[in-house]
Amino acid sequence: MPDVYAEPTTAAGPTDPATLARYTTLRLGGPAGRLEIAGDAADLVAKVRAAEARDQAVLVLAGGSNVVIGDQGFPGTVVLVRSRGLTVVAEDGDTVTVRVAAGEPWDELVAATVERGWAGLECLSGIPGSTGATPIQNVGAYGQEVADTIVAVEAYDRAHREVVRIPAADCGFAYRGSIFKYSDRWVVLSVDFRLTRSPLSAPIRYAELARALGVEVGDRAPLADTRATVRRLRAGKGMVLDAADPDTWSVGSFFTNPVLDREAYELLRARTAGLGTGEPPAWPGACDVVKISAAWLIEQAGFGKGYAGPEGVAISTKHTLALTNRSGTASTAALVALAREIRDGVHARFGVPLHPEPVLINCTL
Ligand SMILES: Cc1cc2nc3c(=O)[nH]c(=O)nc-3n(C[C@H](O)[C@H](O)[C@H](O)COP(=O)(O)OP(=O)(O)OC[C@H]3O[C@@H](n4cnc5c(N)ncnc54)[C@H](O)[C@@H]3O)c2cc1C
């Protein structure tokens, strides 16, 4: 059976089976000490426990679309999550709650829910990776995030050596974050989503998507149209994986949008007024914070689309936030060097720190 996650064996791409670059969308990462494949939840727990018993560090890896793995690789055990399955665990007239195995490919799940007339995930169409990884950074796009529909996460708690069910309220969901991110304590086994039975999408919150659908922000649109439109918009930005398009050989957005408190935001506004750049696109949030466009900061700091670093790494020609291994043969060191240059350039010009969105493994910015 072809592995839906691994796709590196096109023109440029690593072929050594032990090389983690085979399992990451950036096509980067050195060798694994040991590589295991977990086909179901029990197998996943058993393989993690076995690695612990061998006193080995464990890296749980699924679609490899949100990791940057160093050129030295990972000396411990890498467990690839390949569990599958979707079960309806509760339903009433209006809603359906589905339990989805961690290894279920995310976009296949979204397609299945849209097809069945279950609303709630449609704006997250086209995002690569696995379902089990979506709670890790509270995956979001086009005005939707998984925290909107997750009811609970089933995980193996490595600290207490037991399987636990964590209600959404205890998952610490935030913008591109949760209790699971940067922690190796929990291994996600399955995720429960409560979806709404409806031929129409959830209210569209993202202006660009509303425009493309020909509706007002706050309106609903047919589910299938919403999915198709999101995928079209994403593809135009190189944000849908395409083995033939090196603009997509990335982790999606490399930097999160900075969230500034009011004082830092006013300082930035004063700085941009002095520089004559105009004001950065900003979205006010709760608790008097303001989210700023990282793409704008990067462009205004002189790093436009296509900006190239060493060894054929470059900013995508379609999206300023995506750093790509467009040669397919670069090293992680080269990608990190480009990321550092951008981060430092933005800080020098605007005084705003940028933070990476992917999880960095055996490498640092
Ligand atoms: C082209 C492109 C577009 C993207 N667009 C978006 C977007 O719009 N919005 C967005 O939020 N993200 C986006 N991403 C990032 C990425 O697709 C998501 O974060 C996705 O959920 C990662 O899933 P994965 O299975 O590939 O995770 P991996 O990269 O395999 O892992 C990511 C992290 O999660 C951990 N992890 C994975 N599975 C488990 C598990 N079962 N239990 C415990 N830990 C686990 C890993 O150890 C690692 O720390 C994009 C990426 C690409 C390449």
Side-chain angles (χ1 to χ4, degrees), residues 4-7 20 23-29 38 40-41 44-45 47-48 57-69 74 76 78-83 100-107 109-110 123-147 153-158 166 173 175-191 206 230-231 233-235 237-243 245-254 256-257 316 318-319 321-325 356-362:
V4 294
Y5 294 118
E7 48 137 325
L20 289 170
Y23 304 101
T24 68
T25 53
L26 269 170
R27 297 148 197 245
L28 293 176
D40 59 39
L44 183 50
V45 173
K47 291 205 156 113
V48 168
V58 181
L59 170 63
V60 176
L61 191 66
S65 63
N66 209 29
V67 287
V68 182
I69 302 178
F74 187 80
V78 176
V79 185
L80 293 175
V81 184
R82 297 296 184 258
S83 50
V100 188
E104 194 65 37
W106 175 253
D107 196 46
L109 170 67
V110 178
C123 296
L124 304 173
S125 295
I127 297 177
S130 65
T131 300
T134 60
I136 309 287
Q137 72 157 7
N138 182 19
V139 157
Y142 292 93
Q144 230 167 40
E145 53 185 22
V146 289
V153 172
E154 185 189 41
Y156 174 62
D157 178 348
R158 295 179 62 197
I166 307 172
F173 288 130
Y175 166 61
R176 291 306 84 79
S178 73
I179 57 165
F180 309 112
K181 195 156 177 184
Y182 309 123
S183 165
D184 58 6
R185 174 169 169 186
W186 290 280
V187 179
V188 175
L189 304 176
S190 69
V191 187
Y206 202 80
V230 167
R231 284 190 61 96
L233 291 174
R234 293 185 66 94
K237 298 173 189 173
M239 286 291 179
V240 177
L241 285 186
D242 178 351
D245 181 359
D247 273 328
T248 72
W249 302 356
S250 74
V251 283
S253 299
F254 194 91
T256 52
N257 290 318
S316 158
K318 301 187 181 79
H319 199 299
L321 274 184
L323 306 192
T324 63
N325 168 16
E357 182 173 308
V359 176
L360 273 55
I361 294 158
N362 286 345

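The analysis underlying the following values was restricted to heavy atoms, covering all of them including side chains, and did not include hydrogens, waters or symmetry mates. In each ligand, atom 1 is the first atom listed, and ligand 1 is the first ligand listed. Note that the structure is predicted; figures quoted are calculated from it, not measured.
Taking the side chain as every heavy atom from C-beta outward, W186 and V153 never approach each other to under 4.5 Å. Between Y156 and L44, the closest side-chain pair of non-hydrogen atoms is not below 4.5 Å. In this structure the side chain of K47 never reaches within 4.5 angstrom of the side chain of V58, judged on heavy atoms. Side-chain contact between L59 and I69 is present, with at least one heavy-atom pair separated by less than 4.5 Å. Between P128 and W106 there is no side-chain heavy-atom pair separated by less than 4.5 Å. Side chains of E145 and Q137 form no contact here, defined as non-hydrogen atoms less than 4.5 Å apart. Between L321 and E357, every side-chain heavy-atom pair lies at or beyond the 4.5 Å cut-off. Side-chain contact between D107 and S125 is present, with heavy atoms from C-beta onward closer than 4.5 Å.
The shortest separation from a heavy atom of E145 to ligand 1 is not under 4.0 Å, leaving the residue out of contact. Ligand 1 has at least one atom lying under 4.0 Å from a heavy atom of R234.
Residue L44 has no nitrogen or oxygen atom sitting less than 3.5 Å from a nitrogen or oxygen atom of ligand 1, judged on distance alone. On a distance-only criterion, V188 and ligand 1 share at least one N/O pair closer than 3.5 Å. Below 3.5 Å of separation, one finds no N or O of L61 facing any N or O of ligand 1. In terms of polar-atom proximity, Q137 is counted as a contact of ligand 1, with an N or O under 3.5 Å from an N or O of the ligand. Checking only distances, A62 does come within under 3.5 Å of ligand 1, N or O to N or O. Among the atoms of N138, none of the N or O lies under 3.5 angstrom from an N or O of ligand 1. For ligand 1, the polar-atom distance check against A102 finds no nitrogen or oxygen pair separated by under 3.5 Å. Residue contacts with ligand 1: T248 is placed with no nitrogen or oxygen under 3.5 Å of a nitrogen or oxygen of the ligand (distance criterion only).
Each of the following atoms of ligand 1 lies closer than 4.0 Å to a heavy atom of V359: 49 (O). Every atom of ligand 1 is numbered from 1 in the order shown, and the set under 4.0 Å from a heavy atom of G63 is 24 (P), 25 (O), 26 (O), 30 (O). Residue V187 approaches ligand 1 through these ligand atoms, each under 4.0 Å from one of its heavy atoms: 42 (N), 43 (C). Atoms of ligand 1 found under 4.0 Å from any heavy atom of G64 (numbered from 1 in listed order, with element): 24 (P), 26 (O), 28 (P), 29 (O), 30 (O). Taking a cut-off of under 4.0 Å to the non-hydrogen atoms of A141, the atoms of ligand 1 that pass are 8 (O). Close contacts between ligand 1 and R176 involve ligand atoms 11 (O) [criterion: under 4.0 Å to a heavy atom]. Near G252, meaning under 4.0 Å from one of its heavy atoms, ligand 1 places the atoms 2 (C), 3 (C), 4 (C), 50 (C), 51 (C), 52 (C), 53 (C).
Of the residues listed (V146, T134, L109), the one engaging L124 in a side chain to side chain contact (heavy atoms under 4.5 Å, CB included) is V146, and it is the only one. Checked options T324, V68, L323; the residue passing with L26 is V68 (criterion: side chain to side chain contact (heavy atoms under 4.5 Å, CB included)).
With a 4.0 Å cut-off on non-hydrogen atoms, I127 touches ligand 1 through its side chain and not its backbone. Contact annotation: for V67 versus ligand 1, heavy atoms closer than 4.0 Å belong to both the backbone and the side chain. In W186, the part holding a heavy atom less than 4.0 Å from any atom of ligand 1 is the backbone. When heavy-atom distances to ligand 1 are checked against a 4.0 Å cut-off, V60 comes that close through both its backbone and its side chain. The proximity of V251 to ligand 1, defined as any non-hydrogen pair under 4.0 Å, is limited to the backbone.
With rounding to the nearest 0.5 Å, the separation of CE in M239 from CG in L233 is 12.5 Å. The distance from the CG atom of D40 to the OG atom of S190 is 12.0 Å, given to the nearest 0.5 Å.
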